[in-house]
Amino acid sequence: MNYTMQNAVMLVDADNTLWDTDGVFANAQLALLTEIEALSGIKCPEQDRLAYVRRHDQALAAVHHQHLKYPIQMLGSSLLSGLNGQTAEDAATALVNGRATRVSFKTAIVDRAISHYADALGKIPELLPSVIEGLQAAWKRNISIIVLTEGRIEKQRSTIEAHHLGGYFSGVWEVKKDREQFERLCRRFDGALVVVIGDQPDRDIVPAKQAGCMAVLVPSRFRPSWRTEADEQAADFVAENFSIAIKWSIDATDGDYPTRR
Ligand SMILES: [Mg+2]
C-alpha cells in the first residue's frame, strides 16, 4: 500500500532527540559533585568526573522502582557515600533499602547541594543540531508532528516556547512508552503510517515496532547501561541526526511500504 504525506504522522521524542537534555544533566551533575566535594572536604578520586556521577546515577536507577525518576536527594547521598569510600552499587542498594550508612545522613550537606542541583536541572536545554532543518522539512510537506514525552509536559512545552518552535508541532502528549500505548496511538491514527523518531531504543524503538509503527533511531550521547545492541537493531533506520531522520521518513512514506497489519 502506498502512503501519502496526508496520512503520515510523526511521533517525536523530546529529550535528547530534539534538544540536549543530556547536556543539562551533565552540567548539573558535575556541579553537584563539585559542591559535595567542597562541603565534605573530600576530593573525587577519579579523573572522569562525569562518569563517576553517572555510575552513581545508573546504580540508583537500576535498583529504584521509579528507575531514572528516583528522588534526586538520593544522588547527593550516594555521591557523599562514594566520596567516603563506598561503591556506587553498595550506596544505591543501601539507600533504596533504607539502610543508608551514617555518612549519607549528613543531610545538611546533601540538602544544600541538591537545591542547587534542582535549579541547574531546570535550565532550558539547547536544540540539537539540524532539528530546525528537520522540522522545516516536515512543515513544508504538511506532516503532522506530535511530541511524545514520558517526562513532564509543562517542561517540554516551556522548552518549545523558549526556542519558538510552537508552530511546528500539532501537539505535546505525555504517554508511557510501552507497546499498549503505541497500539492505542496507531488506532487513533487509523489508516495513517505512524513513524516514531527517538533516541532510546528501549523506550522509543522496540515498543513502537511491537505496535506496528515505523521507527527511526537517532542515537544520542545518553547511553544508559541497560541499552542493548539488539534493541538498536530493531529500528527501521538509524539516522545520524534529526534532519536525516525526518528526510528518511518522508522518503519512506512516499515509497512503497507494507501495511502495518
Ligand atoms: Mg529521549
Side-chain angles (χ1 to χ4, degrees), residues 1-19 21 127-151 153 156-157 159-161 163-220 231-261:
M1 176 180 174
N2 274 320
Y3 290 96
T4 62
M5 296 325 294
Q6 280 70 32
N7 58 12
V9 177
M10 295 190 190
L11 306 177
V12 174
D13 169 61
D15 292 319
N16 302 314
T17 298
L18 293 172
W19 40 79
T21 311
L127 288 183
L128 285 165
S130 90
V131 162
I132 302 256
E133 194 187 329
L135 291 174
Q136 283 172 343
W139 183 78
K140 279 187 199 139
R141 299 293 294 265
N142 222 4
I143 298 169
S144 202
I145 295 194
I146 292 158
V147 175
L148 284 196
T149 179
E150 289 191 305
I153 201 162
Q156 311 298 19
R157 286 209 176 109
T159 304
I160 288 170
E161 235 167 77
H163 291 293
H164 311 289
L165 299 177
Y168 290 112
F169 300 110
S170 314
V172 184
W173 295 350
E174 195 175 319
V175 295
K176 186 167 173 3
K177 290 177 176 171
D178 58 19
R179 180 185 181 154
E180 288 69 34
Q181 286 297 336
F182 280 115
E183 279 172 349
R184 215 161 284 161
L185 290 167
C186 284
R187 281 199 295 276
R188 184 176 174 141
F189 299 112
D190 195 25
L193 176 66
V194 179
V195 184
V196 179
I197 301 175
D199 72 297
Q200 270 191 277
D202 59 325
R203 311 305 305 147
D204 303 308
I205 305 302
V206 172
K209 285 303 296 175
Q210 287 168 341
C213 306
M214 191 174 282
V216 180
L217 178 71
V218 189
S220 68
D231 283 354
E232 290 197 21
Q233 282 162 9
D236 290 292
F237 183 65
V238 180
E240 210 174 293
N241 61 40
F242 184 74
S243 174
I244 292 171
I246 289 282
K247 284 168 187 165
W248 184 89
S249 303
I250 290 172
D251 288 346
T253 46
D254 277 344
D256 203 15
Y257 260 82
T259 53
R260 56 188 163 76
R261 291 196 184 86

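Sequential numbering from 1 along the given sequence is applied to the chain's residues.
- The minimum heavy-atom distance between C186 and C213, with the atom names listed, is SG-SG, 3.2 Å.
- Proximity of a side-chain donor or acceptor of T253 to a complementary backbone N or O of I250 within less than 3.5 Å is detected.
- The nearest pair of heavy atoms linking I160 to G166 is CG2-N, 3.5 Å.
- Side-chain contact between L128 and F242: absent, with no pair of heavy atoms (C-beta onward) separated by less than 4.5 Å.
- We find the CZ-OG1 distance between R203 and T149 to be 11.5 Å, quoted to the nearest 0.5 Å.
- Remark: R157 pairs with no residue by the salt bridge (Lys or Arg N to Asp or Glu O under 4.0 Å) rule, at least two apart or across chains.
- Counting only distance, with no hydrogens or angles, the side chain of N16 and the backbone of T21 share a donor-acceptor pair below 3.5 Å.
- Under the 4.5 Å side-chain criterion, counting only non-hydrogen atoms from C-beta, K209 is not in contact with V196.
- You'll find the side chain of V194 stays beyond 4.5 Å of the side chain of L185, heavy atoms only.
- The CD atom of Q200 sits 10.0 Å away from atom CD1 of I205, with the distance rounded to the nearest 0.5 Å.
- Atom CD1 of I153 sits about 10.0 Å away from atom CG of L148, to the nearest 0.5 Å.
- You'll find the side chain of F182 stays beyond 4.5 Å of the side chain of V175, heavy atoms only.
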Run the side chain to side chain contact (heavy atoms under 4.5 Å, CB included) check on I246 and I143 step by step: do they pass?
-> CA-CA 10 Å; I246 289 282; I143 298 169; 5.7 Å; no
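- Shown here are the salt bridge (Lys or Arg N to Asp or Glu O under 4.0 Å) partners of E240, two or more places apart in sequence or in another chain: there are none.
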* Test side chain to side chain contact (heavy atoms under 4.5 Å, CB included) applied to L165 and L127, step by step -> CA-CA 10 Å; L165 299 177; L127 288 183; 3.7 Å; yes
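- The side chain to side chain donor-acceptor pair (under 3.5 Å) check on N241 picks up S130, with sequence neighbours excluded.
- The shortest heavy-atom contact between P219 and A239 is CD-O, 3.3 Å.
- Residue A245 comes nearest to V216 through the heavy atom pair CB-CG1, 3.7 Å, listed as atom of the first residue, atom of the second, then distance.
- Side-chain contact of Q156 with D15: a donor-acceptor pair under 3.5 Å is present, judged by distance alone.
- For F237, the ring-ring contact (aromatic ring centres under 6.0 Å, His included) partners at least two apart in sequence or on another chain are W248.
- Residues satisfying the salt bridge (Lys or Arg N to Asp or Glu O under 4.0 Å) criterion with E133, sequence neighbours excluded, are K247.
- Atoms CG and OG, from L11 and S144 in turn, are 9.0 Å apart once rounded to the nearest 0.5 Å.
- For W173, the CH2 atom sits in a packed shell: over 12 heavy atoms of surrounding residues, nucleotides or ligands are nearer than 6.0 Å.
- Listed by chain and number, the residues in a side chain to side chain donor-acceptor pair (under 3.5 Å) with R179 are E183 (sequence neighbours excluded).
- Under the salt bridge (Lys or Arg N to Asp or Glu O under 4.0 Å) criterion, K177 pairs with D13, D204, not counting sequence neighbours.
- Residues forming a side chain to side chain contact (heavy atoms under 4.5 Å, CB included) with Q136 (at least two apart in sequence, or on another chain): I132, Y168.
- Looking at D199 and S220, their side chains do bring a donor and an acceptor atom within 3.5 Å of each other.
- For Q181, there are no side chain to side chain donor-acceptor pair (under 3.5 Å) partners two or more places apart in sequence or in a different chain.
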